[in-house]
Asks: 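Sharing a structure with you now.
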Protein chains: 2
Amino acid sequence: MDRIRVALVDDHHVVRRGVRAFLESFADISVVGEAASAEEAFEKLEPWQADVVLMDLLLPGGMDGISATQRLHELGEKPRVVALTAYMDDARVTAALRAGAIGYVRKDALPEVLLEAVRAAGRGQLFLDSFAAEAVLNDSGVGNELTPREREVLLLVARGMSNRQIADALTVGDETVKSHVTAVLGKLGLSQRGQVALWALKHGWVGLDELVE
Amino acid sequence: MDRIRVALVDDHHVVRRGVRAFLESFADISVVGEAASAEEAFEKLEPWQADVVLMDLLLPGGMDGISATQRLHELGEKPRVVALTAYMDDARVTAALRAGAIGYVRKDALPEVLLEAVRAAGRGQLFLDSFAAEAVLNDSGVGNELTPREREVLLLVARGMSNRQIADALTVGDETVKSHVTAVLGKLGLSQRGQVALWALKHGWVGLDELVE
DNA sequence: CAGAAATTCCCCTGCGCGGGGGATGTCCGC
DNA sequence: GCGGACATCCCCCGCGCAGGGGAATTTCTG
């Protein structure tokens with residue numbers, strides 16, 4: 001049987017080299033390439049001919065790991081995506097799976113779990129580590145009950161804009177914005193707009209870089 | 001010459017295993033232990049007899065990497081600490097160095113840079129990657145012009161507490177808290193208390209876990 | 001078509017908070 | 001001792017915003 005061709009997408013060079021060293025110590029796995037960003041991954045996709053892409057969801061640059069997973073999934077059967085991420089939050093797990101990831105492993109999982117996930121992905125089988133599996137159960141689709149307009153408002157609120165500023169940005173009345181904000185706070189179970197930024201951060205709606213400066 | 005005894009402290013098991021695999025491929029380095037938290041590291045400190053501790057600054061649990069570095073440094077000459085962290089922000093670099101770290105490497109640096117940092121630390125020499133060196137220059141000591149009391153207030157504001165709640169927590173009047181908050185906002189160049197949480201997060205004063213839930 | 005959902009706008013109330021003053025007492029260092 | 005930093009508390013003003021109503025419009029869906 002041919003070896004599983006794995007490509008690594010992670011912005012941390014040290015982590016890539018480390019994971020490569022780990023995975024290549026197994027005879028049935030071959031690491032065929034690395035990329036530090038989603039954009040770089042798509043450039044190198046052709047020569048890789050990878051069976052499995054090990055994708056960090058927290059990526060710098062324009063495209064995050066979820067979007068990249070989505071696009072890879074739309075390309076067809078291969079490569080299959082295994083999400084590898086530091087932080088575990090229920091929403092991100094389900095988001096990754098919705099985007100077409102076939103596996104999900106935390107960076108603090110046992111390395112053997114990662115190995116198993118890669119092998120499962122090579123066989124086309126779903127694999128979630130225990131935390132991810134639990135997350136799927138826990139996740140009540142947080143944020144998904146928001147309407148499109150409410151999501152827009154959410155992002156602007158998270159950026160620290162006032163109702164008036166949001167109203168101008170969306171060219172609607174500030175009373176309208178107030179309605180949306182109230183709806184968002186209610187659906188998210190928050191009581192102050194200041195918490196919205198942290199909520200958005202924790203649930204992967206925005207990155208820290210987008211919020212500060 | 002004896003091999004450099006290195007211990008790894010990082011909450012991501014996959015990363016630990018990977019870095020271990022990478023470092024152990026060099027004959028002059030021996031990885032003598034691993035820990036997933038600062039607390040675990042101090043428990044295992046004795047048997048390790050490590051020359052160098054490779055420390056992730058972003059650690060779960062009660063003690064973060066900065067505090068752990070500080071305590072290790074107070075123990076004496078060894079082990080020396082090399083900080084290894086994902087995010088680069090000027091304040092965190094200088095905080096780590098003030099705490100006694102002898103090296104600083106980003107996870108997205110070339111693995112060879114990490115190798116060089118470990119070897120330099122083994123010789124007792126300072127080593128910063130290019131980004132860290134730049135950070136030292138850039139850092140104007142952000143947040144250091146705050147008084148102790150203002151720092152206390154800062155942390156509570158970041159946690160989303162109201163002036164009244166903070167006043168109760170510190171057993172002072174709410175007018176007093178208002179004065180401190182105003183001072184903090186002024187010194188930090190912010191205009192809304194909601195931005196304080198993000199500022200604190202970005203500059204390493206608190207972790208995301210401490211802020212949400 | 002009928003109903004639901006989404007979006008828009010409006011009224012009112014009360015509190016939190018940012019910005020502007022200032023005052024008092026303590027402690028430390030020059 | 002005298003200045004300066006720090007911490008504490010006080011007053012005023014005005015805006016922003018959460019929470020409570022309601023209502024009109026369009027758009028989607030059954």
Side-chain angles (χ1 to χ4, degrees), chain A residues 98 140-203 205-206 211-213, chain B residues 98 140-203 205-206 211-213:
Chain A
R98 269 197 301 272
S140 49
V142 195
N144 286 83
E145 71 274 16
L146 293 179
T147 68
R149 197 57 156 177
E150 284 165 352
R151 267 190 283 270
E152 278 186 86
V153 174
L154 165 66
L155 296 180
L156 298 178
V157 170
R159 281 173 177 73
M161 293 172 70
S162 73
N163 285 345
R164 190 73 192 84
Q165 289 174 313
I166 297 172
D168 289 341
L170 301 179
T171 52
V172 296
D174 44 356
E175 290 292 340
T176 304
V177 175
K178 208 166 91 64
S179 295
H180 292 314
V181 172
T182 302
V184 169
L185 291 178
K187 290 180 179 177
L188 265 46
L190 304 176
S191 60
Q192 296 167 14
R193 67 167 40 213
Q195 302 172 338
V196 171
L198 294 173
W199 185 95
L201 200 58
K202 191 194 171 202
H203 292 87
W205 287 81
V206 290
L211 294 180
V212 187
E213 271 142 6
Chain B
R98 267 196 302 272
S140 50
V142 195
N144 286 79
E145 70 274 17
L146 293 179
T147 69
R149 198 55 156 176
E150 285 165 354
R151 267 189 282 271
E152 280 186 84
V153 174
L154 165 66
L155 296 180
L156 298 178
V157 170
R159 280 173 177 73
M161 292 172 70
S162 72
N163 285 344
R164 189 78 192 81
Q165 290 174 313
I166 297 173
D168 289 342
L170 300 180
T171 52
V172 295
D174 44 358
E175 291 292 340
T176 304
V177 175
K178 208 164 91 66
S179 295
H180 292 313
V181 172
T182 303
V184 169
L185 291 178
K187 290 181 179 178
L188 266 48
L190 305 176
S191 60
Q192 296 167 18
R193 63 169 44 214
Q195 303 172 336
V196 172
L198 296 173
W199 186 94
L201 200 58
K202 192 193 172 201
H203 292 88
W205 288 81
V206 291
L211 294 180
V212 187
E213 272 147 5

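So that the names make sense, note that chain A is the first sequence line, chain B the second, and so on, each numbered from 1.
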Asks: Would the base of C:dC17 count as contacting B:T182 through its side chain, where contact means a donor and an acceptor less than 3.5 Å apart?
Replies: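 Such a pair does not exist between side chain and base.
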
Asks: Scan residues 162-174 of chain A against DNA chain C and write down, sorted by residue number, each residue with any heavy atom closer than 4.0 Å; if none is found, say none.
Replies: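 Contacts with DNA chain C under 4.0 Å: A:V172, A:G173.
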
Asks: Run the numbers on B:T147 and B:K187 for side chain to side chain contact (heavy atoms under 4.5 Å, CB included), then give the verdict.
Replies: CA-CA 10 Å; B:T147 69; B:K187 290 181 179 178; 4.0 Å; yes

Asks: Out of D:dC9, C:dG18, C:dC9, which nucleotide sits closest to the side chain of B:T176?
Replies: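 Taking heavy atoms from C-beta onward, the closest nucleotide is D:dC9.
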
Asks: For A:S191, which contact category applies under a 4.0 Å heavy-atom criterion: base, sugar-phosphate, or nothing?
Replies: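 Here A:S191 touches the backbone only, sparing every base.
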
Asks: Could you give the distance from CG (B:L154) to CG (B:L188), rounded to the nearest 0.5 Å?
Replies: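 So the gap between those two atoms works out to 6.5 Å.
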
Asks: B:E175 CD to C:dG22 P: how many Å, rounded?
Replies: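 About 16 Å, once rounded to whole Å.
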
Asks: Base of D:dG16, side chain of A:K178 - is there a donor-acceptor contact under 3.5 Å?
Replies: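 No such pair is found, so the answer is no.
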
Asks: Within less than 4.0 Å of OP1 or OP2 of C:dT8, is there a side-chain N or O belonging to A:H180?
Replies: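 It does, given that an N or O in the side chain of A:H180 lies less than 4.0 Å from OP1 or OP2 of C:dT8.
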
Asks: Apply the side-chain contact (heavy atoms from CB on, under 4.5 Å) test between B:V184 and each candidate in B:R151, B:E150, B:R193; give the one that qualifies.
Replies: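 Single side-chain contact (heavy atoms from CB on, under 4.5 Å) partner of B:V184 among B:R151, B:E150, B:R193: B:E150.
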
Asks: Atom CD of A:E152 and atom P of C:dA6: how far apart are they, to the nearest Å?
Replies: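 A:E152 atom CD is separated from C:dA6 atom P by 14 Å.
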
Asks: Considering just the side-chain nitrogens and oxygens of B:R149, establish if one lies under 4.0 Å of OP1 or OP2 belonging to D:dC6.
Replies: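 Indeed not, no polar side-chain atom of B:R149 lies that close.
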
Asks: What's the closest nucleotide to the side chain of B:S179 if the choices are D:dC9, D:dA7, C:dT8?
Replies: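 So the nucleotide nearest the side chain must be D:dC9.
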
Asks: Mind running side chain to side chain contact (heavy atoms under 4.5 Å, CB included) on B:V172 and B:I166 for me, showing each step along the way?
Replies: CA-CA 8 Å; B:V172 295; B:I166 297 173; over 6 Å; no

Asks: Evaluate A:L156 against A:L170 for side chain to side chain contact (heavy atoms under 4.5 Å, CB included), listing each step before the verdict.
Replies: CA-CA 10 Å; A:L156 298 178; A:L170 301 179; 4.0 Å; yes

Asks: Looking at A:R193, does any N or O in its side chain come under 4.0 Å of the phosphate oxygens OP1/OP2 on D:dG16?
Replies: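 False: A:R193 side-chain N/O out of range (4.0 Å or more) of D:dG16 OP1/OP2.
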
Asks: Can you check side chain to side chain contact (heavy atoms under 4.5 Å, CB included) on B:R149 and B:V177, steps first, answer last?
Replies: CA-CA 10 Å; B:R149 198 55 156 176; B:V177 175; over 6 Å; no

Asks: Once you round it to whole Å, what is the distance between C1' of C:dC17 and CG of B:L190?
Replies: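 Rounded to the whole Å, the gap is 15 Å.
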
